[in-house]
*Asks:* 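Sharing a structure here in structure tokens format.
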2 protein chains.
Amino acid sequence: MTTEPTPKPLPPAARRTDAERNRAKILTAAREAFADPDAEVSMAEVARRAGVGMATLYRNYPGRPELLQALYADEVDAICQAAEAADGQSPGEALQAWLRQLFTFFAGKRHLAAELLKHTDRGDPLFDGGRAGVVAAGAPLLAAAQAAGTIRGDLDIEQVLDLVHAVATIRGDPARVQPLLQAALDGLRGLKAG
Amino acid sequence: MTTEPTPKPLPPAARRTDAERNRAKILTAAREAFADPDAEVSMAEVARRAGVGMATLYRNYPGRPELLQALYADEVDAICQAAEAADGQSPGEALQAWLRQLFTFFAGKRHLAAELLKHTDRGDPLFDGGRAGVVAAGAPLLAAAQAAGTIRGDLDIEQVLDLVHAVATIRGDPARVQPLLQAALDGLRGLKAG
DNA sequence: AGCGAAGCGGATAGGCTTTCCACTTCACCC
DNA sequence: GGGTGAAGTGGAAAGCCTATCCGCTTCGCT
């Protein structure tokens with residue numbers, strides 16, 4: 001995705017070299033600032049840290065949500081790809097393993113993810129690259145698990161993602177949250193008997 | 001917990017009649033304003049609606065969290081009392097029914113509750129009347145259900161509350177959230193078999 | 001009726017996000 | 001190598017927010 005060596009056919013990016021440099025500075029500064037999952041970072045502070053003006057920030061990322069999305073875009077890609085690496089596992093195990101990865105990702109980003117989800121009232125174009133990608137990646141896993149009878153059939157992938165995300169928003173000692181994730185995942189399987 | 005009918009020994013409240021009236025006006029206005037669970041209401045707007053100045057608002061409720069807490073204090077009381085009315089049900093059923101009530105309460109208050117929980121990093125004095133009360137009310141229910149073997153033993157009431165609250169934060173059609181609550185509650189029972 | 005103090009409204013400080021405009025700096029072309 | 005137009009820039013400004021402060025009003029009691 002790093003468009004640099006385009007000597008002639010410069011398609012969408014790579015306008016001016018200094019502009020590109022600033023874009024990078026902003027991204028780096030933002031990543032540093034958001035590293036602490038509980039810190040509240042303002043746009044102004046990102047600009048300050050990056051050593052650029054507000055205009056530069058907002059020119060590169062039209063708003064707060066866009067910046068946040070850019071911050072973890074590659075991580076989301078990685079998760080989507082991880083959905084395909086279901087080696088020698090059963091469909092149920094594969095889904096569960098993937099959901100755990102997703103949980104870890106969400107938990108590490110907590111309020112960042114929450115902020116993003118807030119803007120995503122079905123069909124937000126911002127998430128056609130984010131959420132929609134995850135949905136597309138997870139759908140086959142869920143379908144396979146449901147076909148194998150390991151997961152209750154009355155849920156779709158969006159619901160499952162919502163549940164995992166919700167559990168990831170729980171604060172506190174990971175040792176206390178982990179059993180809750182386990183409970184939620186168990187619940188997806190449905191009850192075997194009274 | 002509702003201190004009102006103190007005709008003579010007025011210990012902490014009931015200073016001046018107009019002040020008490022204003023307190024009531026604020027509470028009423030705030031309830032109206034927060035009725036829509038998705039509206040974002042500012043302190044200034046509450047003051048405006050109530051027809052009082054900022055000073056009056058902040059005098060009665062030192063900050064936003066305190067106002068929110070006052071808003072639903074009586075509902076929390078009701079829920080706590082509901083925990084005792086476990087008629088002819090099994091311990092597991094009683095707990096589940098009570099958690100559903102709690103879920104409904106949370107879901108109706110969504111971001112309001114989320115905002116409050118945000119300030120509650122273990123032992124926040126603000127919640128010694130709110131969360132702690134719910135914890136105390138729910139603990140026996142959980143203990144009974146665990147003793148009956150209906151609920152997995154490695155969870156305490158705080159964790160269960162966190163899970164229910166998390167599920168209640170999920171937005172969208174209730175018909176889509178309801179199965180998720182069911183899944184979460186099922187998960188609390190633990191798996192019966194692979 | 002008078003008076004002290006409790007209570008009041010509105011202005012204010014300091015933050016935030018986002019927009020805007022006059023100036024700077026780059027990249028290209030002669 | 002230098003001129004030029006547009007892309008890019010910084011910082012100020014508008015409009016929100018929460019929370020505080022101060023001089024005036026109004027209550028309740030004598």
*Asks:* Does a nitrogen or oxygen in the side chain of B:Arg16 sit under 4.0 Å from OP1 or OP2 of C:dA6?
*Replies:* no
*Asks:* Mind running salt bridge (Lys or Arg N to Asp or Glu O under 4.0 Å) on B:Arg152 and A:Asp186 for me, showing each step along the way?
*Replies:* CA-CA 12 Å; B:Arg152 55 160 70 192; A:Asp186 286 351; 2.9 Å; yes
*Asks:* Would you say the ring centers of B:Tyr72 and B:Phe34 fall short of 6.0 Å from each other?
*Replies:* no
*Asks:* Report the distance from atom CZ of B:Arg59 to atom C1' of D:dT25, rounded to the nearest whole Å.
*Replies:* 13 Å
*Asks:* Report yes if a side-chain nitrogen or oxygen of A:Thr17 is closer than 4.0 Å to either non-bridging phosphate oxygen (OP1 or OP2) of C:dC26; otherwise report no.
*Replies:* no
*Asks:* Just compare C:dG9, D:dC17, C:dG7 and give me whichever is closest to any side-chain atom of B:Ala55.
*Replies:* C:dG9
*Asks:* Going through the checks in order, is the side-chain contact (heavy atoms from CB on, under 4.5 Å) test met by B:Arg100 and B:Gln178?
*Replies:* CA-CA 10 Å; B:Arg100 284 182 185 279; B:Gln178 207 62 51; 3.3 Å; yes
*Asks:* Rounded to the nearest angstrom, tell me the gap between atom CG in B:Leu57 and atom C1' in D:dT18.
*Replies:* 11 Å
*Asks:* Under 4.0 Å between a side-chain N/O of A:Thr56 and OP1 or OP2 of D:dG8, yes or no?
*Replies:* no
*Asks:* Any side-chain N or O of B:Asn22 less than 4.0 Å from the OP1 or OP2 oxygen of C:dC8?
*Replies:* yes
*Asks:* Can you identify which nucleotide, out of D:dT20, D:dT9, C:dT19, has its nearest atom closest to the B:Tyr58 side chain?
*Replies:* D:dT20
*Asks:* Which nucleotide, D:dC27, D:dT18, D:dG8, lies nearest any side-chain atom of B:Ser42?
*Replies:* D:dT18
*Asks:* Could you tell me the separation between the CD atom of B:Glu40 and the P atom of C:dT17, rounded to a whole number of Å?
*Replies:* 14 Å
*Asks:* If you check every side-chain atom of A:Arg48, which of D:dA19, C:dC8, C:dC16 has the closest atom?
*Replies:* C:dC16
*Asks:* Measure from the side-chain heavy atoms of A:Asp18 and tell me the nearest of D:dC27, C:dT17, D:dG8.
*Replies:* D:dG8
*Asks:* So, for B:Leu95 and B:Leu141, which heavy atoms are closest and what is the spacing to 0.1 Å?
*Replies:* CD1-CB, 3.9 Å
*Asks:* Quick one: A:Met43 CE to D:dC17 P, roughly how many Å, whole number?
*Replies:* 19 Å
